[in-house]
Amino acid sequence: MSDSLPPDLAAALAGSRARRGPLGDPLVYFAEVTSTNDIASARAERGAAEGTTIVAASQTAGRGRLGRAWHSPADAGLYVSIVFRDPNVAPYLTLAGGVAVAEGIRAATGLPLEIKWPNDVVTRSANGPARRRKLAGILAEASSSAEGLQYVILGFGINLKPAAYPPEIADRASSVEAELGRAVDSAAILVEVLAALASEMPALSKSDPRSLLTRWRALAPLASGSAVECDGPGGRITGIAAGVAEDGALLVRVGGRVERIVAGEVIWR
């Protein structure tokens, strides 16, 4: 059973309805869940409409890309999953989610962020890729049948407050409040992310990613000219990032050829 919507979140949603379109209507809030993606998927299986949004204050089994756990302590982050059903939008949701989270956080707090392909939102740094710290991640999970795509769940987790991160990520993780040195309004961040995401939907529903790709490239300087090591079609490769294709694949120049990377581990040098 869901919990009562916090008053600040209810007020923020009411004041942003025109900018959010269907995203966040309805919005279901939980103090704790196993995974917001799991809850959203279960509701999608029962017919939940596009835009249905699940928000939780904590997750006991949150997950990220490649099956990794997502540290989701109570009241330290924002954990959100949204149901999408438009097959034209589906191929671009990971890119759109990254842009929306980065732009939404900046709109609500003033904190400038970058994107690391494919799904990390990180703090900026003048000391190279290794010194960037992750504040948020995006996970898109699709369900298909013989009839085609049924739905995609777009999930994102944002570290809002400082927390005791697991040792394996402690030197690579940060939070919005730690970077700003002050408290932030989580409800304002959520509605700005939803509004940023909604702004791309009309074009993406027409399979037109041009605006999205322009916004993504502006937020992802590492994706052009940085040394990268990743899993290529024929095994591990090392090369130079050459941007992203229109379908979101990372392009990596290896000698005289360009490889398309669509999945697997990516290490930025």
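Numbers here are sequence positions counted from 1.
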In Å, rounded to the nearest 0.5 Å, how long is the span from [atom1] of [X] to [atom2] of [Y]?
X: K116; Y: R132; atom1: NZ; atom2: CZ; value: 8.0 Å
X: D120; Y: R172; atom1: CG; atom2: CZ; value: 9.0 Å
X: E32; Y: S58; atom1: CD; atom2: OG; value: 4.0 Å
X: Y151; Y: T52; atom1: OH; atom2: OG1; value: 12.5 Å

Can you give each donor-acceptor pair under 3.5 Å made by side-chain atoms of residues 93-108, sequence neighbours left out, with the distance rounded to 0.1 Å?
residue : atom : partner : partner atom : Å
E103    : OE1  : R215    : NE           : 3.2
E103    : OE1  : R215    : NH2          : 2.3
E103    : OE2  : R215    : NE           : 3.1

Any Lys/Arg nitrogen of [X] or [Y] sitting under 4.0 Å from an Asp/Glu carboxylate oxygen of the other?
X: D208; Y: K206; result: no
X: R260; Y: D247; result: yes
X: E177; Y: R182; result: no
X: R236; Y: D231; result: yes
X: R19; Y: E192; result: yes
X: R257; Y: E259; result: yes

Determine whether [X] and [Y] fall in the same hydrophobic cluster, where Ile, Leu, Val, Met, Phe, Trp and Tyr are linked whenever their side-chain heavy atoms lie under 4.5 Å apart.
X: I39; Y: V55; answer: no
X: L222; Y: V258; answer: no
X: V80; Y: I153; answer: no
X: I82; Y: L27; answer: yes
X: F30; Y: L78; answer: no

Assess whether side-chain contact (heavy atoms from CB on, under 4.5 Å) is satisfied between L219 and L113, documenting all intermediate values. CA-CA 7 Å; L219 289 163; L113 298 171; 6.0 Å; no

Without swapping roles, check the side chain of [X] against the backbone of [Y] for a donor-acceptor pair under 3.5 Å.
X: D3; Y: A31; result: yes
X: S199; Y: A196; result: yes
X: N88; Y: S207; result: no
X: S226; Y: A223; result: no
X: S81; Y: G155; result: no

Would you check if [X] and [Y] make a side-chain contact, meaning some heavy-atom pair closer than 4.5 Å?
X: D86; Y: E50; answer: yes
X: I237; Y: I261; answer: yes
X: T60; Y: V33; answer: no
X: V83; Y: V152; answer: no
X: V121; Y: I138; answer: yes
X: I189; Y: I158; answer: yes
X: S211; Y: E200; answer: yes
X: W117; Y: V244; answer: yes

Verify side-chain contact (heavy atoms from CB on, under 4.5 Å) between L197 and L23, making sure each step is shown before the conclusion. CA-CA 8 Å; L197 189 57; L23 305 186; 3.9 Å; yes

Show the atom names and distances, to 0.1 Å, of all donor-acceptor pairs under 3.5 Å that link a side chain in residues 5-17 to residues at least two apart or in another chain.
residue : atom : partner : partner atom : Å
S16     : OG   : A12     : O            : 2.9
S16     : OG   : L13     : O            : 3.3
S16     : OG   : R20     : NE           : 2.8

Pair S143, Q150 - check side chain to side chain donor-acceptor pair (under 3.5 Å), show working. CA-CA 6 Å; S143 177; Q150 298 302 299; over 6 Å; no

Can you tell me if CZ on R253 sees more than 12 non-hydrogen neighbours from other groups inside 6.0 Å?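 Atom CZ in R253 is not packed in, count stays at 12 or less.
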
Pair N37, L139 - check side-chain contact (heavy atoms from CB on, under 4.5 Å), show working. CA-CA 9 Å; N37 265 32; L139 179 65; 3.9 Å; yes

Determine, stepwise, if the pair Q59 / T34 fulfils side chain to side chain donor-acceptor pair (under 3.5 Å). CA-CA 5 Å; Q59 299 180 115; T34 52; over 6 Å; no

Heavy-atom pair with the smallest gap, counting every atom of L213 and A245: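 Where L213 meets A245 most closely, the heavy atoms are CD2-O, 4.0 Å.
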
What heavy-atom pair brings G24 and L194 nearest, and what distance separates the two atoms?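 Heavy atoms of G24 and L194 come nearest at CA-CD1, 4.3 Å.
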
Intermediate values then yes/no, side chain to side chain donor-acceptor pair (under 3.5 Å), Y92 and E246: CA-CA 9 Å; Y92 311 108; E246 287 201 355; 5.8 Å; no

side-chain contact (heavy atoms from CB on, under 4.5 Å) between R133 and V122: does it pass, once the steps are laid out? CA-CA 5 Å; R133 290 177 177 264; V122 299; over 6 Å; no

Please lay out, stage by stage, how S35 and Y79 fare under the test side chain to side chain donor-acceptor pair (under 3.5 Å). CA-CA 9 Å; S35 161; Y79 315 112; over 6 Å; no

